[in-house]
Number of protein chains: 2
Amino acid sequence: MNETPSSPGFQPLDREGLVQTVAKMLSKAIVTGQLAPGARLSESVVARELGVSRAPVREAARLLESSGLVTYEPNRGFFVRQVSAKAIADLYEFRIVIELAAVKRLIRTWNDDIHAALSAQLAEINRVATDDFDMLTQVEADLQFHRLLCSGSGNPKFLTVFDQIATETEFSIMVIGRLYDDPDRLAKTHEPVLEALCSGDETQAVDAMQYHIGEAQRLVTEQFRILEEGKTPQ
Amino acid sequence: MNETPSSPGFQPLDREGLVQTVAKMLSKAIVTGQLAPGARLSESVVARELGVSRAPVREAARLLESSGLVTYEPNRGFFVRQVSAKAIADLYEFRIVIELAAVKRLIRTWNDDIHAALSAQLAEINRVATDDFDMLTQVEADLQFHRLLCSGSGNPKFLTVFDQIATETEFSIMVIGRLYDDPDRLAKTHEPVLEALCSGDETQAVDAMQYHIGEAQRLVTEQFRILEEGKTPQ
DNA sequence: GTCAAGTAAATTGTCGACAATCGTCAAAAT
DNA sequence: ATTTTGACGATTGTCGACAATTTACTTGAC
């Protein structure tokens, strides 16, 4: 390895292109609700607003499309995605399929590094699982745990697909605006997953995982139903 | 709408954007091997070659990236993806996860339309499963059958993800250049899947499906190993 | 009043040009 | 001889402008 001996710990310095920056801005704006679902995402407006050209905005929007945050209609442009009850149900059903398979695979590739990373993330989840932290922080800590599960599975496909649906999950939850009255409750269901993984018991790990995501699905679906009822009392 | 009343069967006249056209061109060029794996995909060259600007080429390349046909390195551009033995193994392992789940779900939404579509596609598979047709035709007929399974599952996520990995599957097979000596053999393993679905037996359907994809994986992996040995005899 | 056609404004689709960045290779220093 | 530095060529990154398309509005006929 060619490395200057006297070099201090210089990190790669990000160097993320303008597209990534714009994509991140838009993501945040959509997830935090500044851009309402169904709203048109005008290239010109966003470009003017951010002080950049339309080209990087367009590319960023295409990136967001593959994350399921916006939809694209030819010759009409990009729109912030509408979330339906079925879409949320489908999303969580799909997550169960992916992440259960990832966990099954993870058991075979289990090692101390993964163990350490998951333990640390679990601690982080519990740390932010109080009303002192906002929901976005809690959700991101939660999803990061799941991301580590996919990342450690050894099959990159799981991570790729998870990243695509993670943002969508975050979006769905933020649309609801309020996930649980007791933030600590759902957070606690992570622990059995890690314990089962440590013990190497596949059946137990899968069960714990299924319960955890299922519980999350139940909460999200419930809250979304309440939200819809309040919106269209008819 | 300005349309002549006596107008005969005019098809929608493509109306798919230039981007889609370019993407299709590139797809074909990559899948048929005109662009070797690892080759740089110069925007300027492609644009000049097709007589269009760089913008649509760039967008098309981004589309291909999400299909796994090309990779993208910031400030360096797009490259035709290299396929490794592990990548192929990972791909098929992932397909098994997705399509098994899709089949399980399909049983619950089973109806005559889906039955008819699958039967027709099965007939098509058998029709082209001879040496009279080229491999690309055979592979596409095969994948279309699988696509129908995902499409009919009722959860759009399965279809979205399948479409992403279908092109990659096609690519992997075409790289190998020769899948099987007896085209009819693998084709025949589709039938038990359809039969099991008709009978509504989930266990049987999953078994048949797992056998079918597993068999395909075995063949592809084997052929790829042979190809690699021939390439680097060391 | 309703509906259709026509027109104007706004938005996306595409383009060509310039700026920023990367890879290469030669020249200079050690 | 090896390594570093600098400049050059090629490619990507970004931009502003124009063409094509869609949308909204107005006008007119029935």
Side-chain angles (χ1 to χ4, degrees), chain A residues 1-7 10-26 29-30 35-36 38-66 69-81, chain B residues 1-5 7 10-26 29-30 35-36 38-66 69-82:
Chain A
M1 292 288 177
N2 274 354
E3 195 159 359
T4 331
S6 61
S7 163
F10 275 143
Q11 52 227 18
L13 194 55
D14 250 15
R15 299 284 288 105
E16 59 178 14
L18 184 55
V19 174
Q20 323 288 334
T21 309
V22 173
K24 221 171 261 184
M25 291 271 189
L26 285 177
I30 293 175
L35 275 69
R40 170 180 229 118
L41 200 56
S42 169
E43 299 174 11
S44 336
V45 172
V46 174
R48 199 165 28 233
E49 200 122 347
L50 293 178
V52 297
S53 160
R54 270 176 52 213
V57 173
R58 218 179 140 78
E59 280 199 36
R62 277 243 134 97
L63 246 55
L64 262 59
E65 190 195 5
S66 70
L69 255 60
V70 305
T71 58
Y72 170 71
E73 298 175 42
N75 289 322
R76 300 223 331 118
F78 297 91
F79 297 84
V80 180
R81 188 150 165 275
Chain B
M1 288 279 185
N2 275 355
E3 197 160 358
T4 331
S7 162
F10 276 142
Q11 50 228 17
L13 193 54
D14 252 17
R15 292 300 284 109
E16 56 179 11
L18 185 55
V19 173
Q20 321 288 335
T21 310
V22 174
K24 222 170 262 182
M25 291 270 189
L26 285 176
I30 293 175
L35 277 68
R40 168 180 230 119
L41 199 57
S42 169
E43 297 175 12
S44 336
V45 172
V46 174
R48 196 164 30 235
E49 201 121 347
L50 294 178
V52 297
S53 158
R54 269 177 52 213
V57 174
R58 215 179 145 78
E59 282 199 35
R62 275 245 135 97
L63 247 54
L64 263 59
E65 190 195 4
S66 71
L69 255 60
V70 305
T71 59
Y72 170 71
E73 298 176 41
N75 290 322
R76 300 222 332 114
F78 297 92
F79 296 84
V80 179
R81 187 152 164 273
Q82 304 261 20

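Each chain gets a letter, A, B and so on, in the order the sequences are listed, and its residues count up from 1.
- Between A/Ala60 and A/Ala23, the shortest heavy-atom contact is CB-N, 3.6 Å.
- A/Arg40 places a side-chain N or O within 3.5 Å of a backbone atom of A/Arg76 that can act as its donor or acceptor partner.
- Between the CD atom of A/Glu43 and the C1' atom of C/dT14 there is a distance of 12 Å, given to the nearest Å.
- Pairing each heavy atom of A/Leu18 with each of A/Pro56, the nearest pair is CD2-CG, 4.0 Å.
- With C/dG23, C/dT14, D/dC15 as the choices, the nucleotide that has an atom nearest any side-chain atom of B/Arg76 turns out to be C/dG23.
- At whole-Å resolution of the value, CG in A/Leu50 and P in D/dG16 are 14 Å apart.
- Closest to the A/Asn75 side chain, of the nucleotides C/dG13, C/dT12, D/dC15, is C/dG13.
- One can place CZ of A/Arg48 at 13 Å from P of D/dA17, the figure rounded to the nearest angstrom.
- Computed from coordinates, the B/Leu18 CG to D/dT21 P distance equals 12 Å when rounded to whole Å.
- Closest heavy-atom contact between A/Val22 and A/Val57: CG1-CA, 4.1 Å.
- A sub-4.0 Å separation between OP1 or OP2 of D/dT12 and a side-chain N or O of B/Ser44 is present.
- Residue B/Phe78 is classed as having no contact, given no heavy-atom separation below 4.0 Å to the nucleic acid.
- Taking the side chain of A/Ser53 as heavy atoms from C-beta on, and the options D/dG16, C/dC15, C/dT12, the nearest nucleotide is D/dG16.
- Of the candidates C/dT12, D/dT11, C/dT14, the closest approach to any side-chain atom of B/Arg40 belongs to D/dT11.
- Nearest to the side-chain atoms of A/Arg58 among the listed nucleotides D/dG13, D/dT14, C/dG13 stands C/dG13.
- Atoms CD (A/Glu73) and P (C/dT11) sit 16 Å apart, rounded to a whole Å.
- For the pair A/Tyr72 and C/dG13, the criterion of a side-chain N or O lying under 4.0 Å from OP1 or OP2 is met.
- Closest heavy-atom contact between B/Gly38 and B/Phe79: O-CD2, 3.8 Å.
- If you measure from atom CD of B/Gln20 to atom P of C/dT14, you get 9 Å, rounded to the nearest angstrom.
- Side-chain N/O atoms of A/Arg54 and base N/O atoms of C/dG13 include a donor-acceptor pair closer than 3.5 Å.
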